[in-house]
Amino acid sequence: MKDYINQVMKDFSEVEYPVCKLEEGYERLKRANMTEEEILQALTKAAVELTQETEPKWEYIAARFLYMKFEKELKVELEKRGIRSFYEKIKYLTQEGLYGSYILEHYSKEEILEAESYMKEERNALFNYSGLDLLLNRYVIQTHDHIKLETPQEMYMGIALHLAMKEADKMKWVKQFYDMLSKQEVTMATPTMSNARKPYHQLSSCFIDVVPDSLEGIYRSIDSFAKVSKFGGGMGMYFGKVRAAGSSIRGFEGAAGGVVRWIRIVNDTAVAVDQLGVRQGAAAVYLDVWHRDLPEFLQLRTNNGDERMRAHDIFPAVCYPDLFWKMAKEDLNQNWYLMCPHEIFMVKGWHLEDSYGEEWEEKYRQCIEDERIQKRCITIKEIVRMVLKSAVETGTPFTFNRDTVNRANPNGHKGMIYCSNLCTEIAQNMQEVESVSNEIKTKDGEVVVVTTTKPGDFVVCNLASLSLGHLPVEDRTYMKNIVKAAVRALDNVIDLNFYPVSYAEITNQKYRGIGLGVSGYHHLLAKKNILWESEEHLKFADELFEMINYLTISASADLAKEKGTYDFFNGSDWHTGSYFKKRNYVSKEWQELMEKVRNIGMRNGYLLAAAPTSSTSILAGTTAGLDPVMKKFFIEEKKGSMLPRVAPDLSVDTYYYYQNAHSINQKFSVKVCGIRQRHIDQAQSLNLYITNEYTLRQLFDLYTQAWEEGVKTIYYIRSKSLEVEECESCAS
């Protein structure tokens, strides 16, 4: 026992923690005749129990003991299988169907041995206990009977080998991708981290589909959701085109069941297709605030009313036009009209949901004045009350400000953005899949039915995050290189992905949309000694995200010069320069970049999206996404084990700057979100943290402020007394 303690503690010589505390903790846990693994397990637990605000480094000591135990167990398993090198391990895992054969097909033995020489085992010391525990249990490759056969560094290298395998200069990019991942400077989304290098390499977090207004179309969308869920993806589904309850079907009045009945089928699919038993599927369903089924939709997750109209396992979201918030600000007692999109089309010949801004407002007023269209009249106050009641009770519905989103859409020349994804950070063009024909044909003497569809735009979320707390953000050259590598890795995800739905592949290739975001935002502020509620924070956020935006656009343009532009670049805001003008980028540096983009093109039609990063931020030992910390320190119990959660780099120097989320003035969080939004072409997963003292009026004021500040989406309303579920597909 003392040998193990001495071996670990010598690496923490700068940390003046009394070793006797660890020995005392071990003495309480020890039993007679313990094996080496049991001794290390006891030491790990003792170190975990010692972790506290005043002595946070114990979690790194615990991680070291945990790794020693894992290393010993792994050595035994590798000896059993005769594996002596990384190359032999890849061969074995490939033979066992745990590694994709494509790695050995793209790399020679010499190249894999070279890749092995790049690995730095000392980087395992970067893990805290929670991060290492999560990685070993969820991310490294295990046999079918749950025996771990991959080290953390081999995991990072396997991901790098996958993402670089079609590069002309493969080994250069293998090293760069490995370094940015293993140094915890960039995290890829959970599906990429988990599935890269594996036979079924579904690398994308989330998908978004427009649900058509037809029986065939609705079931096609639900089928697509099931396929996505099977391979670990989440889904955003726009239901705004589906006819309301009581609407006509083939001229028969009152025949339609409405969106809630279909959403319940989505709910049951999420539960049934449970991602290999790891977790159930996850879907967010979006509906326009003017849809006639809105009141029933807003009660999907609440605990009152008819249980047959509830769907507790999906996440509702509401799409708002500017007009709604304008009228709400003026007078909550004004009337708002709910209508059926199908009836509007039958009477007017156009789809109200296919427009936004002033055009939408004009068409909405035409619908109100047209007596042929049935309306459900309700005050704005009543809608707001239902939204806020659900938000406080369930954390949902999410918010999607559709006019704000579409005005900022760099590819508005090619379509509309109807809704976002499961974590509200994606904003890309969407279009429903259309049925073309069903034909009976004879093929090889057999009668077959051939169904033809027009693919539309089925959005894919390809995500990664810059770990700001681990990056020298003041070093522009360093940041430029990291951003270039991250953009390149994400662009490669598009070409190397396994697509559960073919429509997704078509859209991904057309727009080549990526979502580079950030984690460790509060971590960085604390390290910089910047208070959340300060003018310094506002200025810092503006400068930081302007820099990230500049470097990302530049990286995508450079990649376009090397590999070509995305299909719809011509006529886009990137091409015309409108993207830069809308954001008032007028400096000489920005003007030069605008000309560079105009002349060279862009590799990616969409670039930045700030996801929640809940799981991957734990891996990287940093704070989640753009959120403030919930607490500086707490103990989380998961499946019987105790996990210390400590604010990263917590010390005398940073303690004051880690203000707890629920004690922060949320108006300030909304304001800084608006400042960042100018520099983010897509959206941000903005959580609002409220306490029991919040009135509904105060919460309403946050919604209207967000709209006024140009915030595109709001994710969860996190009440202090409310535990909300996190999407592990997207929140990563």
Side-chain angles (χ1 to χ4, degrees), residues 53 325 328-329 384 387-389 391-393 395-396 398-399 401 404 424-425 468-469 518-545 610 612-614 617 622-634 645 647-648 650 654-680 683-724:
E53 280 185 66
W325 295 122
K329 285 278 290 181
V384 168
V387 168
L388 298 183
K389 183 176 182 296
V392 171
E393 187 177 324
T396 63
F398 307 150
T399 296
N401 290 325
T404 306
T424 74
E425 83 278 7
L468 296 177
V518 301
S519 61
Y521 183 66
H522 201 185
H523 184 187
L524 176 63
L525 292 177
K527 284 178 70 174
K528 293 284 184 186
N529 294 156
I530 297 173
L531 275 174
W532 192 278
E533 295 178 49
S534 69
E535 291 300 315
E536 188 182 4
H537 178 192
L538 301 180
K539 183 173 182 293
F540 181 74
D542 194 23
E543 292 171 353
L544 173 66
F545 280 85
T613 74
S614 58
S617 61
T622 192
T623 54
L626 293 164
D627 279 358
V629 295
M630 293 284 282
K631 293 180 182 177
K632 297 179 183 70
F633 171 79
F634 64 97
R645 302 292 194 213
L650 188 63
T654 62
Y655 189 91
Y656 176 65
Y657 299 95
Y658 275 123
Q659 194 174 350
N660 295 357
H662 284 100
S663 65
I664 286 172
N665 184 334
Q666 297 304 295
K667 287 187 175 182
F668 203 93
S669 293
V670 170
K671 186 173 185 179
V672 76
C673 185
I675 287 171
R676 294 190 303 255
Q677 190 63 75
R678 174 183 168 221
H679 310 297
I680 297 173
Q684 309 164 69
S685 294
L686 169 67
N687 289 306
L688 295 178
Y689 293 85
I690 64 171
T691 63
N692 295 334
E693 285 72 45
Y694 260 74
T695 64
L696 291 183
R697 181 72 208 195
Q698 286 175 306
L699 184 54
F700 168 71
D701 288 344
L702 292 177
Y703 278 82
T704 53
Q705 183 199 348
W707 167 69
E708 289 174 322
E709 300 277 4
V711 173
K712 294 178 179 178
T713 61
I714 298 173
Y715 193 26
Y716 280 112
I717 303 300
R718 294 186 180 270
S719 170
K720 199 166 187 178
S721 60
L722 178 68
E723 291 295 328
V724 295

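Position 1 is the first residue of the sequence, and the numbers go up from there.
- Two residues are said to be in side-chain contact when any heavy atoms from C-beta on lie closer than 4.5 Å; Val384 and Tyr703 fail this criterion.
- Atom CD of Gln698 is separated from atom CG of Leu388 by 11.5 Å, given to the nearest 0.5 angstrom.
- Annotation: side chain of Leu696 is in contact with side chain of Val392 (closest heavy-atom distance under 4.5 Å).
- Shortest non-hydrogen contact noted between Asp542 and His679 is OD1-NE2, 2.6 Å.
- By the 30° and 60° cut-offs, the orientation of the rings of Trp325 relative to Phe700 is tilted.
- Using a 4.5 Å heavy-atom cutoff, the side chains of Leu686 and Tyr715 are not in contact.
- Note that CD1 of Ile717 is 4.0 Å distant from CG of Leu688, once rounded to the nearest 0.5 Å.
- Within the 3.5 Å criterion, the main-chain N or O of Thr613 finds no donor-acceptor partner in the side chain of Ser519.
- Between Thr623 atom OG1 and Tyr658 atom OH the span is 6.0 Å, to the nearest 0.5 Å.
- No side-chain heavy atom of Ser685 sits under 4.5 Å from any side-chain heavy atom of Leu626.
- Using the six-membered ring where Trp is involved, His537 and Tyr521 have ring planes that are tilted, between 30° and 60° apart.
- The two atoms that bring Pro628 and Ile664 nearest to each other are CB-CD1, 3.6 Å, heavy atoms only.
- Looking at every heavy atom in both residues, Thr404 comes nearest to Gly710 through CG2-O, 3.6 Å.
- Considering only heavy atoms from C-beta on, Val711 stays 4.5 Å or farther from Gln705 through its side chain.
- With sequence neighbours excluded, the residues forming a salt bridge (charged side-chain N to carboxylate O under 4.0 Å, His left out) with Lys539 are Glu543, listed by chain and number.
- The closest side-chain donor-acceptor pair between Asp627 and Tyr689 falls under 3.5 angstrom.
- Not a single donor-acceptor pair under 3.5 Å links the side chain of His662 to the backbone N or O of Lys631.
- Considering all non-hydrogen atoms of both residues, Arg676 and Ala541 come closest at CG-CB, 4.2 Å.
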Run Phe398 and Ile714 through side-chain contact (heavy atoms from CB on, under 4.5 Å) and show every step you take.
CA-CA 6 Å; Phe398 307 150; Ile714 298 173; over 6 Å; no
Full working for side-chain contact (heavy atoms from CB on, under 4.5 Å) between Tyr656 and Leu531:
CA-CA 8 Å; Tyr656 176 65; Leu531 275 174; 3.7 Å; yes
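- With contacts defined as side-chain heavy-atom distances shorter than 4.5 Å, the pair Leu525/Lys527 does not qualify.
- For the atom pair His522 NE2 and Trp532 CH2, the distance stands at 6.0 Å (nearest 0.5 Å).
- By the 4.0 Å N-to-carboxylate-O rule, Asp701 lies too far from Lys667 to be salt-bridged with it.
- Using modelled atom types, one side-chain atom of Thr713 and one backbone atom of Gln684 make a donor-acceptor pair closer than 3.5 Å.
- Closest heavy-atom contact between Thr622 and Pro648: CA-CG, 3.9 Å.
- Rounded to the nearest 0.5 angstrom, Glu709 CD and Gln677 CD are separated by 11.5 Å.
- Going from atom CD1 of Ile675 over to atom CG of Leu544 covers 12.5 Å, rounded to the nearest 0.5 Å.
- Side-chain contact between Leu538 and Phe668: present, with at least one pair of heavy atoms (C-beta onward) separated by less than 4.5 Å.
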Lys632/Asn660 under side-chain contact (heavy atoms from CB on, under 4.5 Å): CA gap, chis, key distance, verdict:
CA-CA 7 Å; Lys632 297 179 183 70; Asn660 295 357; 3.9 Å; yes
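- The minimum heavy-atom distance linking Thr654 with Leu650 is given by the pair OG1-CA, 3.4 Å.
- Lys329 is linked by a salt bridge (charged side-chain N to carboxylate O under 4.0 Å, His left out) to Glu708, counting only residues two or more places apart in sequence or in another chain.
- Residues Glu425 and Lys712 form no side-chain contact, since every pair of their non-hydrogen atoms from C-beta on lies 4.5 Å or further apart.
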